[in-house]
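The structure displayed is predicted, hence computed values, not measured ones. Protein chains get the first letters and strands the later ones, always in sequence-line order, with residue 1 at the start of each.
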Number of protein chains: 2
Amino acid sequence: MRIGAIEAGGTKFVCGIGNESGEIEDRISFPTEKPEQVMEQVISYFKVKKPEAIGIGTFGPIDIDRKSATFGSVTTTPKPGWSGYPFLDTLKREFHVPFGWDTDVNAAAYGEAVWGAAQGLDSCVYFTIGTGIGVGVYSEGRLVHGLVHPEGGHILPRRHPDDRYEGNCPYHGDCLEGMAAGPAIEKRWGVKGSELEANHPAWAMEAYYLGQAVTSAILMLSPKRVILGGGVMHQEQLLPMIRSEVSKNLNGYVSAAQLLSGMDDYIVLPGLGDNAGLCGSLALGLAAWENRDQQQ
Amino acid sequence: MRIGAIEAGGTKFVCGIGNESGEIEDRISFPTEKPEQVMEQVISYFKVKKPEAIGIGTFGPIDIDRKSATFGSVTTTPKPGWSGYPFLDTLKREFHVPFGWDTDVNAAAYGEAVWGAAQGLDSCVYFTIGTGIGVGVYSEGRLVHGLVHPEGGHILPRRHPDDRYEGNCPYHGDCLEGMAAGPAIEKRWGVKGSELEANHPAWAMEAYYLGQAVTSAILMLSPKRVILGGGVMHQEQLLPMIRSEVSKNLNGYVSAAQLLSGMDDYIVLPGLGDNAGLCGSLALGLAAWENRDQQQ
């Protein structure tokens with residue numbers, strides 16, 4: 001079958017068509033301009049491709065409460081034109097197919113559970129560390145929404161003893177995102193992270209913060225796997241350093257073999273690589289199709 | 001109907017009988033001695049009361065993985081005789097009824113969702129702050145187990161700037177439990193918390209730590225309500241101070257009316273009061289009875 005997928009990012013939109021095995025057969029992408037321009041391109045693409053269902057994983061914050069009057073809208077965002085935009089309803093008027101709708105990070109977590117690094121598990125936490133830090137949570141076989149949706153990128157870590165950077169989150173200053181997302185690395189060291197050597201002290205500091213984030217996720221959510229994606233994780237030296245920080249933080253307290261044996265199979269990169277987002281949206285579309293009788 | 005409930009605490013066991021409305025009709029309690037002695041009393045009690053189902057909410061860590069060979073056992077505990085003890089199997093040999101089995105804090109969270117402060121909601125987080133700090137998580141209509149079960153009492157908070165206490169957690173020193181459970185208050189100030197005046201600086205410090213815990217829970221789990229129980233919460237001045245810390249920490253970032261309007265209906269005491277644990281076990285027993293066809 002033909003499933004449509006939309007990975008709606010803050011800087012670019014990716015639309016694709018895939019099948020029920022998670023294989024992407026076609027894709028296009030374009031910049032995230034004002035919603036009318038973006039949606040025109042999305043609609044044109046899918047009018048030609050004729051998907052049987054469409055899954056959307058989007059930047060937020062968004063309304064994912066099915067009982068809410070503004071379900072399917074972007075809520076408050078500084079992005080011009082997007083605040084309050086009825087994203088889902090605009091597409092529903094054009095395509096009479098089942099729709100999946102969730103945050104980009106929940107989509108990625110779900111895609112990893114269906115086809116990626118957490119395949120066959122009923123829980124995982126997905127962090128993306130890039131221009132921001134986001135968290136998607138899949139728990140007991142369900143994506144976690146709750147009151148809004150998890151915003152674990154803004155937890156308050158302990159400051160690294162050598163760190164003098166004040167942090168750049170407009171809401172919290174030195175929260176996780178304010179200290180460890182790509183822009184914080186660049187502001188702290190004066191160059192982009194991608195230009196820093198693998199043995200630069202920046203990475204020990206980065207692992208210190210991300211290790212705290214993973215530790216909090218383990219203690220609060222007890223996931224069966226933790227997946228770390230996003231541009232910053234392209235730094236290959238980071239993953240073992242983060243595992244070692246988590247090990248130090250937990251200090252043997254949580255007694256599970258997966259945690260006590262080095263965590264090589266527990267804290268991992270996305271199995272779907274940089275396709276995690278688009279495949280995740282595809283998985284949401286597939287789930288919407290499978291549950292199509294419950295949607296109306 | 002007659003449902004049995006066991007609230008298995010580290011210092012005392014409470015057994016009771018209740019009905020499907022959450023009303024406790026009878027109860028007994030006795031100290032948590034060695035398992036053989038405790039179980040003899042539990043078995044005698046229920047042999048007379050003849051419940052149609054039994055729910056157990058117990059101190060841990062415990063094995064709650066149905067697929068595990070040691071499902072229903074206590075795992076590693078310093079409590080004499082309890083390490084590896086087959087708690088659930090011992091009772092199953094005596095009573096051929098459906099059993100509910102979970103951690104004491106998950107039981108309390110569930111009881112609050114069924115009959116208490118989170119009634120009608122499909123998510124809540126329950127913290128107990130007493131001789132230790134534990135967290136129970138109910139999310140998207142299910143209790144969260146995952147790899148083991150949440151151990152949010154051991155997250156790593158930022159140190160209060162005026163605090164010189166080193167912390168007393170044997171694993172982490174200054175984790176949440178090491179800084180904010182009852183024994184930490186007593187060791188820091190030299191007297192039991194119950195003897196400190198309501199305006200003593202101890203409480204601002206306590207609210208600072210508990211506020212961080214609640215903030216982390218909100219950001220990681222996005223619960224529809226946060227419930228704070230346990231002996232330390234008998235200090236009535238604490239709750240508004242904690243709400244104010246959480247408000248300061250979030251700083252308006254998570255845009256939900258429940259969080260932006262003072263949180264009086266969002267961060268609350270247990271609706272079931274000090275019965276939260278026993279009623280929670282009762283609720284687990286009721287759920288086991290309702291799902292009795294799926295248990296075998």
I need the residue from Leu156(B), Leu250(B), Asp122(B) with the largest number of non-hydrogen atom pairs under 4.5 Å to chain A. Leu156(B)
Answer with side chain, backbone, both or neither: which region of Val137(B) has an atom nearer than 4.5 Å to a non-hydrogen atom of chain A? side chain
Please flag which part of His149(A) lies under 4.5 Å from any non-hydrogen atom of chain B: side chain, backbone, both or neither. backbone
For the interface with chain B, which of Pro61(A), Pro157(A), Gly252(A) has the highest count of heavy-atom pairs at distances below 4.5 Å? Pro157(A)
Got a donor-acceptor contact below 3.5 angstrom from the Glu140(A) side chain to the Gly146(B) backbone? yes
Could you have a look at Pro150(B), Ala213(B), Ala217(B) and say which one has the most heavy-atom pairs with chain A under 4.5 angstrom? Pro150(B)
Using heavy-atom distances under 4.5 Å, tell me whether Ser139(B) contacts chain A through its side chain, its backbone, both, or neither. side chain
Below 4.5 Å from any heavy atom of chain A, which atoms of Leu259(B) appear? Answer side chain, backbone, both or neither. side chain
Assess whether a salt bridge exists between Asp174(B) and Arg158(A), defined as any Lys/Arg side-chain N lying under 4.0 Å from an Asp/Glu carboxylate O. yes
Counting only heavy atoms from other residues, nucleotides and ligands, does the tally under 6.0 Å from CG of Asp265(A) exceed 12? no
What residue in Lys224(A), Gln258(A), Lys248(A) has the most heavy-atom pairs under 4.5 Å with chain B? Lys224(A)
Top of Thr215(A), Asn249(A), Val135(A) for chain B proximity - count of heavy-atom pairs under 4.5 angstrom: Asn249(A)
Measure Ser222(A) against the heavy atoms of chain B and call it side chain, backbone, both or neither at under 4.5 Å. both
Using a cut-off of under 4.5 Å on heavy-atom pairs, state which of Pro223(B), Gly153(B), Cys124(B), Cys169(B) scores highest against chain A. Pro223(B)
